[in-house]
2 protein chains.
Amino acid sequence: MVGDGESETGPLATSWHSNKFLNPIRDGAVLPILHLNGYKINNPSILSRISHDEIKHLFMGYGWTPHFVEGSDPNTMHQKMAATLDQCIKEIKAIQKTARDTNNPKRPLWPMIVLRSPKGWTGPQEVDGHKVEGFWRAHQVPMSNIKDNPQHLTQLETWLRSYQPEELFDENGQLNAELKSLAPQKERRMSANPHGNGGLLRKALRMPNFNDHALALEAPGKISAPNTKPLGKFLRDIMQKNMQNFRVFGPDENSSNKLDDIYEVSKKTWLADYLPEDADGGELSPDGRVMEMLSEHTVEGWLEGYLLTGRHGFFSTYESFVHVIDSMFNQHAKWLAMSKDVPWRAPISSLNLLITSTVWRQDHNGFTHQDPGFLDIVVNKSPEVTRIYLPPDVNCLLSVANHCLNSTDYINVIVCDKQKHLQYLNIDAAIEHCTKGLGIWDWASNDQGEEPDLVMACAGDIPTKEALAATSLLREHFPQIKVRFINVVDLYKLSPQVEHPHGLSDREFDSLFTTNKPIIFNFHGYPYLIHRLAYRRTNHGNLHVRGYKEKGSINTPLELAIQNQIDRFSLAIDAINRIPSLQKIGGHVQEKLRNRQIECCRYAYEHGVDLPEEDEWTWKH
Amino acid sequence: MVGDGESETGPLATSWHSNKFLNPIRDGAVLPILHLNGYKINNPSILSRISHDEIKHLFMGYGWTPHFVEGSDPNTMHQKMAATLDQCIKEIKAIQKTARDTNNPKRPLWPMIVLRSPKGWTGPQEVDGHKVEGFWRAHQVPMSNIKDNPQHLTQLETWLRSYQPEELFDENGQLNAELKSLAPQKERRMSANPHGNGGLLRKALRMPNFNDHALALEAPGKISAPNTKPLGKFLRDIMQKNMQNFRVFGPDENSSNKLDDIYEVSKKTWLADYLPEDADGGELSPDGRVMEMLSEHTVEGWLEGYLLTGRHGFFSTYESFVHVIDSMFNQHAKWLAMSKDVPWRAPISSLNLLITSTVWRQDHNGFTHQDPGFLDIVVNKSPEVTRIYLPPDVNCLLSVANHCLNSTDYINVIVCDKQKHLQYLNIDAAIEHCTKGLGIWDWASNDQGEEPDLVMACAGDIPTKEALAATSLLREHFPQIKVRFINVVDLYKLSPQVEHPHGLSDREFDSLFTTNKPIIFNFHGYPYLIHRLAYRRTNHGNLHVRGYKEKGSINTPLELAIQNQIDRFSLAIDAINRIPSLQKIGGHVQEKLRNRQIECCRYAYEHGVDLPEEDEWTWKH
């Protein structure tokens, strides 16, 4: 954690609070150095232009003991810096000794260093009459046009000769042996620190059997259960078997996201003040391995650092606010993509991101919490490193999470809501379905042995429920119609094989989605994403996608679905419009469906909850 | 600026430095209140669990004078809070008086308040044996199942009766007249503060004539110039005419983005320490109206606040790092969309965002700085409030910026690189072109009076240059081929009219893009965005889009274009593949183009710059 004083960005400011998450008994130590060289590209940095006292107060306020190394004479500064480093290491060791001898993990005031040195230090003081050393001009090429400006050339020579190369190199231009021997050897070299190539240190997780938390179903689509609760139990069991190299991360949302069973084996890391009432459900401990801070940036940064040094992690966060880390996601994805081209880089654990508290269940929070657009950012990044899963129920989520936690070098984005949802697949069926990534749900289809009239496809929990209910409506009103029901978990299956390694071949895709029948695709996110993935497919011209279209408020689930036309009625109406044999005869049914839709909206508006018969709908065929 | 102690998010932490941007002579004042009620949904907040001294140090470090109001007895606390508010206002007035009397804008240590009160204050102390008041449990419904749990019902009644409603309301349930009269009247009511409905205070900008900064061109595609430099002069002139209600914002990049002419009339706001050398090019002043901090979050927050209170602003930032504010953009767009449904809300100035230092010119910065994906976020938001422009040259950028600065209630995203680029349109042509939003460039087309064999379309500066050069190659090698050249500035013109108010009608679109000829579209961003906008168009099946596909490093411009296949050679090769009459005869030319492409890559690799003849290419037809 070395800030360079150039960036005042928020995430860095927040991460200074990370000392409340470091246990002096169990954990290692960090010696942060704030390097205040005074300037950014064109501006002074703010922290370099406040008083010594203010800087001191600021870092004392963050809970550190600041040490200052300030000056511009190189020899004096080298001595000062060396002495200060020695002093800080002594303090760190004393802190650790006290904590370990007394077994008291009380939060210490760890040392940190404020290093104030000139920008462009030992460079030219002035060029063309303008200050360079110790000023923002040193950020760029200090003197330009060397070839044609003899004065600049002389100045460059004087500058470079000031480092006395004749003392550093022999007559062949080789570094003097004496100096060369000062450099550390092997793994003591900063570039060869194994923590900098964390994949070398990585040990695979010891994985418990996720089947232990499976939900038993007598039949598909009959009972409801909160999707994320059993995942919390699975994470708990993983934690129990991996208490050295696994952590769970989230911005104050692990309980809200129903993953709180994790606390049975490990609490939230907490070294700030502890009050007696915390014992009643606070789940705080200096030994905790669950990392929570209401700063998505900081949590993402912690997780990336943890993975890069060879460990494993799981991050859950609210869907709408995952956009807070878009930029960090982008950079991590770029890093992973590039690292695959570097032969000596060993694979690291995947970054596993559960997006929950999703758009379709914002009954209390409303419009501000409705944004499923993170996936649109994900698909811009290299297909070598990105994976997207939308498990529709408990057992699929368990299977997907198990797969992701065993993988390396990916960013696995899992979208699954925390609320009670209809359950579809028993664990064996879920494993088959998730391993294929998408598939026909035989029990929900009636086109066996025949050409379907319609393909009803879906991805995501609520969209799956509505697509099933629409299928049911169609089959009730038009028993002669053959519907093929397809659910998609692994979104990249829709991509052409040449664009993503998970993509289905065109032949497989055509067999599933037909080459000429209407497809209605009910999607969790913004609808265009499905077109983006599938637009090269043969039957794309008949693909009709529904998804979130930025309509919503504090709505009941069905009301919100209706506003965005992903509801059972809108889908069934669409189907009637698109199945040639129903276009002429379906008008009466369409009217009935529209009436029912209006009734549902009126009921929701009046009662604040959905019409019970529709809300409690289950699969009956 | 009232933090609630619930959020430790970075942006909030950074914004505490905003006191370095507040001029006690000129500006108003802010009295920040940090409300530490101790808890978030499930966790203590960090700042509530550090010592009184640490909090005090922290805010002194940020440059404030903290005042503490701490306790839990309501009557005592009301008195304490009132006295502290009086004291703080006295301090603020004294600061302003001293500064104004002495005409010395030295940064003062403004007061701020730390209010520490229990969460769920005066609510039930315990429910079912669990602490509620002063604990995180107060975040949720404090007692559930009131209907069926008589003990809870009693407790609820006791709690609500503790507020002594009989003293507050008369027998008809009306608030006592005496209490009612305590509330402020009219605009003194918080809800009726005109700054909360800033559109009421908004005055249109006094606009100078942007034509004054137009670049004179003798012919299209002959000379190069930095695209953003004249915009800086235009912004300077706007500033000069609007020194009360216009500001320019950027994260330390206004100079880097070549908008530095602005400093001729107003400097960067700066009230932290000032050094003598700052006089030489530092452009700092306590009176400055240019707001720079290397925190995209803080800058975006400042701008939103400035617009919401009725002023005008212009924000420029690096393309790759605009993702830092994705989440803030989303929320502002949602706010704007909702505000249109609220009849008493007056329109506010648009949020004008110039995205520059773009993906195609990262000759020094490389892969981390290549991300044109912000537009994919923008198109997810309501078409009522989003606008996207890609002016290809100086004059188009001036015309677009002029339009945006006159508009209200939009988020205008302008994408235009800061480097030297080929110039296409004189100012009259630019105004026509940008007003239409897209159009045929007659001088670059040779299908006048005939059906074209190919539509070559483009959006963005570098893609336009490459598309023109490809057109030129095609016309040289195949003089019989008719190419129609279309440039798109207003991206939403591609949308169907029913999806965006700027969308072309299908008839207009068909006339321009034909219903059956191949279209090659060279795009600035990720290619799918063009398909997303245009996929309902008649000729979508023949639309072939090139754009950034996450390939790059520290490349020369042409090398990067080649890696992503948006270069002149790739486009010409594509065209040969797609024009039926060339498919059989174009093989030899394709080989030549491939060879030249390879030569260009080898030259760039060897010399670190592009082959001069290709780099200095100009339009010759």
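In the text below, chain A, chain B and the rest are named by the order of the sequence lines, each starting its count at 1. Here the structure is a predicted model, which is why all the values come from computation and not from measurement.
Aromatic ring centroids of B/Y528 and A/Y535 lie under 6.0 Å apart. Here B/H540 and A/H531 keep their ring centres 6.0 angstrom or further from each other.
Ranked by heavy-atom pairs under 4.5 Å with chain A, the first of B/R532, B/M60, B/H130 is B/R532. Of the listed residues (B/L529, B/V379, B/D326, B/N380), the greatest number of heavy-atom pairs within a distance under 4.5 Å of chain A belongs to B/N380. Taking chain A as the reference chain and counting heavy-atom pairs below 4.5 Å, the highest number among B/N254, B/L275, B/D376, B/V322 is found for B/L275. Across B/R49, B/E277, B/E283, B/H323, the residue that shares the most heavy-atom pairs under 4.5 angstrom with chain A is B/R49. The candidate from A/R137, A/K20, A/Q370 with the greatest count of non-hydrogen atom pairs under 4.5 Å with chain B is A/R137. Across A/L109, A/N330, A/I325, the residue that shares the most heavy-atom pairs under 4.5 angstrom with chain B is A/N330. Between chain A and the options B/K549, B/K56, B/K268, the largest number of non-hydrogen pairs under 4.5 Å is found for B/K268.
The distance from the NZ atom of B/K334 to the CZ atom of A/F367 is 4.0 Å, given to the nearest 0.5 Å. For the atom pair OG of B/S255 and CH2 of A/W136, the computed distance is 6.5 Å after rounding to the nearest 0.5 Å.
Proximity to chain A (any heavy atom under 4.5 Å) is restricted, for B/W270, to the side chain, taken from C-beta onward. Heavy-atom distances place the side chain of B/Y548, and not its backbone, under 4.5 Å from chain A.
The shortest distance between side-chain heavy atoms of B/Y274 and A/P44 does not fall below 4.5 Å. Contact check for A/S320 versus B/Q331: side-chain heavy atoms found under the 4.5 Å cut-off. Here the side chains of B/L284 and A/N43 are in contact, with some heavy-atom distance below 4.5 Å. Under the 4.5 Å side-chain criterion, counting only non-hydrogen atoms from C-beta, A/I50 is not in contact with B/D273. For the pair B/L47/A/H17, a side-chain contact is recorded, criterion being any heavy-atom separation below 4.5 Å from C-beta on. A 4.5 Å side-chain heavy-atom check between A/I46 and B/F21 finds at least one atom pair inside the cut-off.
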task: Would you please test B/K381 and A/D371 for side chain to side chain contact (heavy atoms under 4.5 Å, CB included) and show each step?
output: CA-CA 9 Å; B/K381 290 291 158 283; A/D371 193 313; 2.8 Å; yes

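The local environment of CD in B/E499 is crowded, with over 12 non-hydrogen atoms from other residues, nucleotides or ligands closer than 6.0 Å. By the neighbour-count criterion of 12 heavy atoms within 6.0 Å, atom NZ of A/K551 is sparsely surrounded, having that number or fewer from other residues, nucleotides or ligands.
Under the salt bridge (Lys or Arg N to Asp or Glu O under 4.0 Å) criterion, B/E384 pairs with no residue, sequence neighbours left out. Not counting sequence neighbours, B/S382 has no partner by the side chain to side chain donor-acceptor pair (under 3.5 Å) test.
Look at A/D278 and B/K131 and you find no salt bridge, because none of the NZ, NE, NH1 or NH2 atoms lies under 4.0 Å from a carboxylate O. Ion pairing between a basic and an acidic side chain is recognised when a charged N comes within 4.0 Å of a carboxylate O; A/E54 and B/R107 show such pairing.
Among all heavy-atom pairs drawn from A/G373 and B/I377, the shortest one is O-CD1, 4.4 Å. Across all their heavy atoms, A/D280 and B/F135 have their closest contact at O-CE2, 3.7 Å. Closest non-hydrogen pair, A/N42 versus B/S256, comes out as ND2-N, 3.7 Å.
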